[in-house]
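Every heavy atom of this structure was used, including side-chain atoms; hydrogens, water molecules and symmetry mates were not. Each chain gets a letter, A, B and so on, in the order the sequences are listed, and its residues count up from 1. Only a predicted model underlies this, so the values are computations on that prediction, with no experimental measurement involved.
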2 protein chains.
Amino acid sequence: MRQFVHPSSSDIRLESVLHALSDPVRLSIVRQLASEGEATCAALDGGRPKSSMSHHFRILRESGIVKTRNEGTSHMNELRFEDLDNVFPGLLAAILNAAPRV
Amino acid sequence: MRQFVHPSSSDIRLESVLHALSDPVRLSIVRQLASEGEATCAALDGGRPKSSMSHHFRILRESGIVKTRNEGTSHMNELRFEDLDNVFPGLLAAILNAAPRV
DNA sequence: TCGCTTGTTCGATATTATTCGAACAATAGC
DNA sequence: GCTATTGTTCGAATAATATCGAACAAGCGA
């Protein structure tokens with residue numbers, strides 16, 4: 001497990017952010033990170049295989065939504081809320097504010 | 001050309017809206033509609049084939065972002081801004097507020 | 001009715017995403 | 001070093017999207 005790709009704020013693209021959040025699994029991850037502050041990958045799988053979760057975390061990282069840091073053998077994830085809010089003011093707040101609908 | 005599928009406000013899903021707007025062509029359409037109020041399909045193709053545009057307008061319609069009405073032989077499109085803002089307050093505004101980046 | 005214009009629908013292709021098992025990598029602890 | 005834990009990467013199968021030509025549909029006007 002090595003270095004992760006974290007785009008700088010200026011490289012965050014709106015389309016990528018929207019695409020990343022258009023997936024129910026990833027949206028769920030983001031909602032949980034928003035309410036819990038930070039969490040490991042394992043804490044956020046909903047019983048899904050590790051490889052699937054790793055894929056989704058990568059999409060979230062590379063779109064600039066999530067920041068991952070190593071913490072022992074596990075990876076701690078947190079939202080890049082400030083970065084996103086600087087680049088796209090109000091966007092993430094509006095998305096998180098939207099009540100999850102079934 | 002017949003009736004179009006326009007979901008009611010309560011059927012608009014966040015994932016569908018985000019997915020619809022994650023495409024550059026559709027995002028561009030939405031931006032133009034926001035600045036011009038309404039427009040026909042032809043006015044918004046960027047030299048793209050009609051069938052491609054028709055596809056994108058359908059995605060925008062079925063996700064609840066755009067409302068299309070018949071106007072003679074042409075179709076007039078407008079944003080469902082109020083509907084969207086009621087369901088997801090601030091979302092579309094935040095997206096439109098994001099400066100288009102190259 | 002015949003054309004003309006505007007879009008939709010169909011069908012086929014190409015690209016991109018998702019999913020997940022299996023193998024691998026890195027760290028911590030014994 | 002060995003083992004267990006946590007994720008990543010690889011590879012392949014499946015599914016979803018995008019793109020666009022060609023055919024079709026509907027309204028308008030001569």
Please state whether the phosphate of [N], meaning OP1 or OP2, lies under 4.0 angstrom from any side-chain nitrogen or oxygen of [X].
X: R26(A); N: dT18(C); value: yes
X: S74(B); N: dT6(C); value: no
X: R48(A); N: dG21(C); value: no
X: S54(A); N: dT8(D); value: yes
X: H19(A); N: dT16(C); value: no
X: H56(A); N: dT19(C); value: yes
X: H75(A); N: dG7(D); value: no
X: R61(A); N: dT8(D); value: yes
X: S52(A); N: dC20(C); value: yes

Please give, in whole Å, the distance from [N] [atom2] to [X] [atom1]?
X: I59(B); N: dT17(D); atom1: CD1; atom2: C1'; value: 8 Å
X: N70(A); N: dT8(D); atom1: CG; atom2: C1'; value: 11 Å
X: D45(A); N: dT8(D); atom1: CG; atom2: C1'; value: 15 Å
X: E62(B); N: dA18(D); atom1: CD; atom2: P; value: 12 Å
X: L44(B); N: dT6(C); atom1: CG; atom2: P; value: 13 Å
X: F57(A); N: dT19(C); atom1: CZ; atom2: P; value: 14 Å
X: D23(B); N: dT16(C); atom1: CG; atom2: P; value: 13 Å
X: K50(A); N: dC10(D); atom1: NZ; atom2: C1'; value: 14 Å

**OP:** Carefully, step by step, assess L21(B) and E15(A) under the rule side-chain contact (heavy atoms from CB on, under 4.5 Å).
**Re:** CA-CA 7 Å; L21(B) 295 176; E15(A) 288 91 334; over 6 Å; no
*If Ile, Leu, Val, Met, Phe, Trp and Tyr residues are connected whenever their side-chain heavy atoms lie under 4.5 Å apart, and connections chain through other members, are L96(B) and I95(A) in the same group?*
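The answer is yes; both residues are in one hydrophobic cluster.
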Closest-nucleotide mapping onto DNA chain D: is G72(B) or A42(A) further toward the 5' terminus? I mean the 5' end.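 The residue mapped nearer the 5' terminus is A42(A).
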Check E38(B) with R69(B), please: is the shortest side-chain N to carboxylate O separation under 4.0 Å?
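Salt bridge: yes.
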In residues 81-92 of chain A, what donor-acceptor pairs under 3.5 Å come from side-chain atoms, sequence neighbours left out?
from: D83(A); atom 1: OD2; to: R80(A); atom 2: NE; distance (Å): 3.1
from: D83(A); atom 1: OD2; to: R80(A); atom 2: NH2; distance (Å): 3.1
from: D85(A); atom 1: OD1; to: G90(A); atom 2: N; distance (Å): 2.9
from: N86(A); atom 1: ND2; to: E82(A); atom 2: O; distance (Å): 3.3

Could you please spell out the steps behind the side-chain contact (heavy atoms from CB on, under 4.5 Å) verdict for M53(A) and C41(A)?
CA-CA 7 Å; M53(A) 295 310 288; C41(A) 300; 5.5 Å; no
- Item | dG21(C) base / S51(A) side chain donor-acceptor hit below 3.5 Å |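 Checked by distance alone, the answer is yes.
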